[in-house]
Q: 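What follows is a single structure, and I will ask about it in a moment.
Proteins get letters first, then strands, A, B, ... in listed order; numbering begins at 1 in each.
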Protein chains: 2
Amino acid sequence: MTAIKESSTIQENKQYALEKCPVTFVMEKIGGYWKPIILYHLSTGDKRYSELKRAIPAVTEKMLIQHLKQLEADGLVIREAKPVVPPFVTYRLSTAGNGLLPIIDAMAAWAFKVKDGIYNI
Amino acid sequence: MTAIKESSTIQENKQYALEKCPVTFVMEKIGGYWKPIILYHLSTGDKRYSELKRAIPAVTEKMLIQHLKQLEADGLVIREAKPVVPPFVTYRLSTAGNGLLPIIDAMAAWAFKVKDGIYNI
DNA sequence: ACAAGTACTTACCCTAAAGTATGTAACATG
DNA sequence: CATGTTACATACTTTAGGGTAAGTACTTGT
């Protein structure tokens with residue numbers, strides 16, 4: 001969680017956009033390079049922290065937990081920690097998180113159409 | 001179009017994410033605070049530049065054209081300029097741009113569910 | 001005694017994206 | 001002849017986000 005400065009124009013505009021535009025609201029939740037990838041990996045079942053780390057080798061640990069914490073704070077993923085040593089922590093999608101899957105699917109469908117040249121982009 | 005530095009880690013990671021994750025690919029296209037709002041406004045029919053400006057008062061002109069140019073470059077919107085003075089320029093969604101609408105709708109649906117408290121976030 | 005594994009945390013730096021402010025061409029109108 | 005309108009462009013600044021590198025606690029294996 002990076003510190004954000006209150007009352008900068010950019011934050012005010014963000015507020016405006018968030019209220020005006022449901023799409024922006026969603027982008028707030030799943031925006032950030034790694035969040036969609038994390039969500040994708042969690043869509044196939046719950047994962048340990050280290051499993052995610054290995055599944056997404058390019059992500060740094062800082063970014064991984066930072067996004068996981070944010071997703072947790074947003075109520076999209078649920079963290080479960082067993083009180084053992086070494087730690088055993090699993091992450092899984094919440095109901096709201098699962099509700100995102102149709103969006104993810106629609107995005108993937110569009111992306112594949114573009115890549116297959118269905119649209120002449 | 002902002003100048004980007006080749007071969008920075010962030011750019012390499014972006015590449016990785018773009019290839020691995022179709023969702024990230026889509027986020028690249030519609031990410032940025034104003035793009036979804038612009039797309040939403042264009043979804044109800046073609047609009048003049050000045051109409052968009054008035055429809056989204058909080059956006060600065062720089063951001064508005066910057067995003068419009070980017071959307072145009074990405075093949076999502078089509079720009080049509082009549083060679084008159086004062087200029088008369090309209091923007092509308094391309095086929096690919098229209099293909100985004102199901103995503104936009106799915107996002108809006110999810111956002112409204114969250115706001116209506118359907119999910120207990 | 002020491003390395004390894006797990007799940008983090010923290011301090012610092014760098015870049016891309018957004019914002020501010022101002023300027024431009026071309027004509028039409030008062 | 002000055003002002004307004006439209007659709008931009010461009011130089012400069014700020015900020016949020018991402019990256020680097022290093023450290024922490026607690027236990028098991030060698």
Side-chain angles (χ1 to χ4, degrees), chain A residues 1-18 24 27-38 47-54 56-72 77 79-91, chain B residues 1-18 24 27-38 47-54 56-72 77 79-91:
Chain A
M1 326 255 184
T2 328
I4 55 170
K5 203 181 170 187
E6 299 288 320
S7 85
S8 60
T9 313
I10 185 167
Q11 285 305 316
E12 284 167 31
N13 282 347
K14 209 169 201 169
Q15 264 317 104
Y16 169 88
L18 276 174
T24 304
M27 302 287 276
E28 264 289 301
K29 306 290 181 190
I30 65 175
Y33 294 156
W34 306 106
K35 276 195 207 167
I37 306 185
I38 293 170
K47 293 271 184 315
R48 289 187 67 175
Y49 173 81
S50 52
E51 287 181 293
L52 286 171
K53 208 174 69 180
R54 272 190 295 273
I56 317 168
V59 77
T60 64
E61 294 202 60
K62 182 202 165 199
M63 281 297 108
L64 185 54
I65 13 150
Q66 189 172 299
H67 281 146
L68 281 172
K69 296 287 171 196
Q70 219 164 92
L71 289 168
E72 195 196 352
V77 309
R79 192 189 98 112
E80 229 156 344
K82 289 186 192 165
V84 294
V85 165
F88 192 99
V89 179
T90 50
Y91 291 92
Chain B
M1 325 257 179
T2 327
I4 54 170
K5 202 181 171 186
E6 299 288 318
S7 86
S8 61
T9 313
I10 186 164
Q11 284 305 316
E12 283 167 31
N13 282 346
K14 211 168 198 167
Q15 264 318 103
Y16 169 88
L18 276 174
T24 304
M27 303 287 276
E28 265 289 302
K29 306 290 181 189
I30 65 174
Y33 295 156
W34 306 106
K35 275 194 205 166
I37 306 185
I38 293 170
K47 295 271 183 318
R48 290 186 67 176
Y49 173 81
S50 51
E51 286 181 291
L52 286 171
K53 210 175 64 179
R54 272 190 295 273
I56 318 171
V59 76
T60 63
E61 292 203 62
K62 184 203 165 200
M63 281 298 106
L64 184 54
I65 14 150
Q66 188 173 300
H67 281 147
L68 281 171
K69 294 288 170 195
Q70 219 164 94
L71 288 168
E72 194 195 355
V77 309
R79 193 188 97 112
E80 230 156 342
K82 288 186 192 167
V84 293
V85 166
F88 192 100
V89 178
T90 51
Y91 291 92

Q: Within this structure, what is the CZ-NZ distance for the pair R48(A) and K82(A), rounded to the nearest 0.5 Å?
A: 8.5 Å
Q: In whole angstrom, give the distance that lies between atom CD1 of I65(A) and atom P of dT10(C).
A: 9 Å
Q: For K69(A) and dC8(C), is the shortest distance between a side-chain N/O and OP1 or OP2 below 4.0 Å?
A: yes
Q: Let me know the distance between CG of L68(A) and C1' of dT6(C), rounded to the nearest Å.
A: 14 Å
Q: Quick one: closest heavy-atom pair of K35(A) and I30(A), and the distance?
A: CB-O, 3.7 Å
Q: In whole angstrom, what separates F88(A)'s CZ from dT27(D)'s P?
A: 18 Å
Q: Nearest to the side chain of R48(B), heavy atoms from C-beta on, is which of dC8(C), dT6(D), dA18(C)?
A: dT6(D)
Q: To the side chain of Q66(A), which of dG18(D), dA7(C), dC8(D) is closest?
A: dG18(D)
Q: OP1 or OP2 of dA18(C) less than 4.0 angstrom from a side-chain nitrogen or oxygen of H67(B), does that happen here?
A: yes
Q: Nearest to the side chain of Y91(A), which nucleotide is it out of dG5(C), dA18(C), dC8(C)?
A: dC8(C)
Q: Would L52(A) and L68(A) count as a side-chain contact (heavy atoms from CB on, under 4.5 Å) if you check the C-alpha gap in whole Å, the side-chain angles of each, and the deciding distance to 0.1 Å?
A: CA-CA 10 Å; L52(A) 286 171; L68(A) 281 172; 4.0 Å; yes
Q: Between E61(B) (CD) and dT24(C) (P), how many Å, whole number?
A: 16 Å
Q: Measure the distance from NZ on K82(B) to C1' on dC27(C) and round it to the nearest whole Å.
A: 17 Å
Q: Given atom CG of L64(B) and atom C1' of dT6(D), what is their separation to the nearest angstrom?
A: 13 Å
Q: Taking the side chain of M63(A) as heavy atoms from C-beta outward, which of dG19(D), dC8(C), dT6(D) is closest to it?
A: dG19(D)
Q: Decide yes or no for Y49(A) and R79(A): does some side-chain heavy atom of the first lie under 4.5 Å from some side-chain heavy atom of the second?
A: no
Q: Are OP1 or OP2 of dG5(C) and a side-chain N or O of S50(A) less than 4.0 angstrom apart?
A: no
Q: Assign each of K62(A) and V85(A) to its nearest nucleotide of DNA chain D by heavy atoms, then name whichever residue's nucleotide is nearer the 5' end.
A: K62(A)
Q: Does a side-chain N or O of T60(A) approach OP1 or OP2 of dT20(D) to a distance below 4.0 Å, or not?
A: no
Q: Measure from CD on E51(A) to P on dT6(C) and round the result to the nearest Å.
A: 10 Å
Q: Judged by modelled atom types alone, do Y91(A) and E51(A) share a side-chain donor-acceptor pair under 3.5 Å?
A: no
Q: dA7(D) phosphate, OP1 or OP2: any side-chain N/O from R79(B) under 4.0 angstrom?
A: no
Q: Rounded to the nearest Å, what distance is computed from the NZ atom of residue K47(A) to the P atom of nucleotide dT6(C)?
A: 16 Å
